[in-house]
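What follows is a single structure, written as structure tokens, with notes after it.
The shown structure was predicted, so the numbers you read here are calculated from the model rather than taken from an experiment. Below, each value reflects all heavy atoms present in this structure, side chains not excepted, and no hydrogens, waters or symmetry copies.
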Amino acid sequence: MPLPPTAPRRPNLRPMEDPPSQLEPAASTQRDVEPSPPPRGPLRLRCAVQHYEWGRRGPESLVARLADGHADRPYAELWMGTHPSGPSTLLDDGELLRDWLARNPDALGPAVAARWGGDLPFLFKVLSVAKALSIQAHPDKKLAEVLHALRPSTYKDDNHKPEMAIAITEFRALCGFAGIEELKDVLRTVPEFEGLVGHEDAGKLMSMEYDGGSEVKSTLQSAFVKLMTASKDMVSEAISKLTSRLNIESKIRTLTDKEQLVLSLERQYQEDVGVLAALLLNYVKLSPGEALYIGANEPHAYLSGECIECMATSDNVVRAGLTPKYRDVQTLCSMLTYKQAFPEILRGVPVQPHVRRYTPPFDEFEVDCCLVPPGEPVVIFPVPGPSIFLVMTGEGELQADSLSDGEKAKEGDVFFVPAYTEVKLSTCGPESMQLYRAGVNSRFFS
């Protein structure tokens, strides 16, 4: 029997707001801006590359191209920030950005320095995904503190990790639990699944009508725990039967997107319970320029594609499937919210000509996409917090404050810009220049 036709869904996008007048600053209005410190040019950064096994290899990887990497190895993530697992340094002298900020706290702005202890509150990344990342969740602040105290070698800091991914290419992900009708379809059409979650929970889910009630959450949690803790032999047998059946049926009909996903995941992670867990989650496809955000304690897995990512400064990940790394199944199953909701899709709101902003519901960060046309400079108005700029494509000049000399900017260049600093962007030549700016969420300052 075929799985239900659950193609990656494209929900209604957040409506665009009317852009402000060109005369009005958009990042943080002029009334928010305090007198700036003496002008300082932008700081060029040397940023860390993570060579995780799931990354795209060599020249196929956007991370490799941005970081000027030429080796035949995975280039998975480019990290721009102060996290000790991949800290950025000043290009000129090699000093850690975190140490420079400790000596120059005014570069953060008073509100940011007071709230986040003199450190950069966000971590900016580029991801190049060739192979599915683990089914995972990120702890809230309270749980992160507990996990870090108990297992500091695994959970390397005590911070939460809300995050947002902005698609550069077509980008696929699993995110959040599917609605009750989709779960019913899975139970009806995948007999291999019911044997792992048990007849009782399967029967309860089949009888329910609405998402999100306490009974639905408790039953979904019970079923998920049984699936994730099933014996290896039971999981292996169920996956073998499911994939064999789908391979046979693919010769006489077109498989649904989720059926094709199951086969793809099984080729990447043989006999892994995450292959089956994927059936319970929303399958999301982002087009370039679309974004999703993920709060604490929500299950997700990035599957393929390349994206800009921004998050609170943390590297805490609780994994339970699709990974050779340490699995903390008990913690993951107990921490999840078991909400059933398709993620909100953002596509950026124009905040001034040539600038779109992605604003998640988290204080630590927001991301701007700046497309600078030839011969038409773009001015980024001063904001009360720090920024990191990444040049994605093209070349030109980045000038911080009108009195400083401009810095040449080309693909892969990364700059730290202090609080209360106006930035003028201009191109060099006939091509546009695209940059991404990460900064503290403007709502934090309002």
Side-chain angles (χ1 to χ4, degrees), residues 1-9 132 135 137 173-250 252-266 269 271-284 298-301 303 320-322 329 332-334 336-343:
M1 291 180 289
L3 281 173
T6 50
R9 292 166 53 192
I135 291 180
L174 298 168
C175 187
F177 284 103
I180 192 64
E181 292 305 319
E182 186 171 335
L183 298 182
K184 287 181 182 181
D185 285 339
V186 171
L187 292 169
R188 275 193 294 263
T189 58
V190 188
E192 300 87 356
F193 195 85
E194 183 176 343
L196 294 175
V197 303
H199 298 299
E200 181 179 355
D201 285 341
K204 287 182 180 179
L205 289 172
M206 289 298 293
S207 68
M208 293 177 180
E209 297 296 331
Y210 304 104
D211 297 338
S214 59
E215 186 178 2
V216 174
K217 286 185 178 182
S218 63
T219 305
L220 177 57
Q221 179 173 4
S222 176
F224 187 71
V225 169
K226 288 174 183 175
L227 172 65
M228 301 305 291
T229 57
S231 71
K232 187 173 182 180
D233 288 344
M234 290 179 66
V235 170
S236 178
E237 181 181 5
I239 292 175
S240 177
K241 287 181 177 179
L242 174 57
T243 55
S244 295
R245 177 169 61 79
L246 292 179
N247 282 322
I248 292 171
E249 293 185 12
S250 69
I252 59 175
R253 66 176 178 85
T254 301
L255 299 182
T256 66
D257 286 305
K258 256 201 175 172
E259 287 173 332
Q260 295 177 42
L261 174 63
V262 164
L263 294 178
S264 173
L265 293 176
E266 195 278 332
Y269 299 96
E271 301 182 346
D272 192 302
V273 68
V275 174
L276 297 170
L279 294 169
L280 297 178
L281 304 179
N282 294 304
Y283 184 23
V284 186
E298 297 296 343
H300 62 281
L303 302 174
L322 303 180
V329 176
L332 183 104
C333 290
S334 63
L336 298 179
T337 66
Y338 294 94
K339 294 177 183 175
Q340 293 170 278
F342 198 81

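- The closest side-chain heavy-atom distance from L242 to F193 is not below 4.5 Å.
- In this structure the side chain of L265 reaches within 4.5 angstrom of the side chain of L303, judged on heavy atoms.
- L261 places a side-chain heavy atom less than 4.5 Å from the side chain of L174.
- In this structure, T243 and S240 approach most closely via the heavy-atom pair OG1-O, 3.3 Å.
- Side-chain contact between K258 and E182 is present, with at least one heavy-atom pair separated by less than 4.5 Å.
- When all heavy atoms are compared, the tightest approach of E209 to E181 is O-OE2, 4.3 Å.
- Across all non-hydrogen atoms, the minimal contact from E192 to L196 is O-CG, 4.1 Å.
- Under the 4.5 Å side-chain criterion, counting only non-hydrogen atoms from C-beta, L255 is in contact with L263.
- Side-chain contact between P299 and Y338 is absent, with no heavy-atom pair separated by less than 4.5 Å.
- In this structure, S207 contributes its side chain and K204 its backbone to a donor-acceptor pair below 3.5 Å.
- One N or O on the side chain of D272 and one on the backbone of L322 form a donor-acceptor pair closer than 3.5 Å.
- The shortest side-chain heavy-atom distance between V190 and R245 falls under the 4.5 Å cut-off.
- Minimum interatomic distance between C175 and V284 (heavy atoms only, all atoms of both residues): CB-CG2, 4.3 Å.
- To the nearest 0.5 angstrom, L205 atom CG is 10.5 Å from E200 atom CD.
- Expressed to the nearest 0.5 Å, how far CD of E271 lies from CG of D233 amounts to 9.0 Å.
- For the pair L183/Q340, a side-chain contact is recorded, criterion being any heavy-atom separation below 4.5 Å from C-beta on.
- Shown here for N247 and S250, the closest heavy-atom pair between the two residues is O-OG, 2.7 Å.
- Closest approach of I135 to A277, counting heavy atoms only: CD1-CB, 3.7 Å.
- Of the inter-residue distances, the one linking T189 atom OG1 with E259 atom CD reads 7.5 Å to the nearest 0.5 angstrom.
- To the nearest 0.5 Å, atom NE2 of residue H300 and atom CG of residue N282 are 13.5 Å apart.
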In a table with atom names and distances, give each donor-acceptor pair under 3.5 Å that connects a side chain of residues 218-228 to protein atoms at least two apart or in another chain.
from, atom 1, to, atom 2, distance (Å)
S218, OG, S214, O, 3.2
S218, OG, E215, O, 3.0
T219, OG1, E215, O, 2.8
S222, OG, D201, OD2, 2.6
K226, NZ, D201, OD2, 3.0

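- To the nearest 0.5 Å, the span separating CD1 on I180 from CE on M206 amounts to 9.0 Å.
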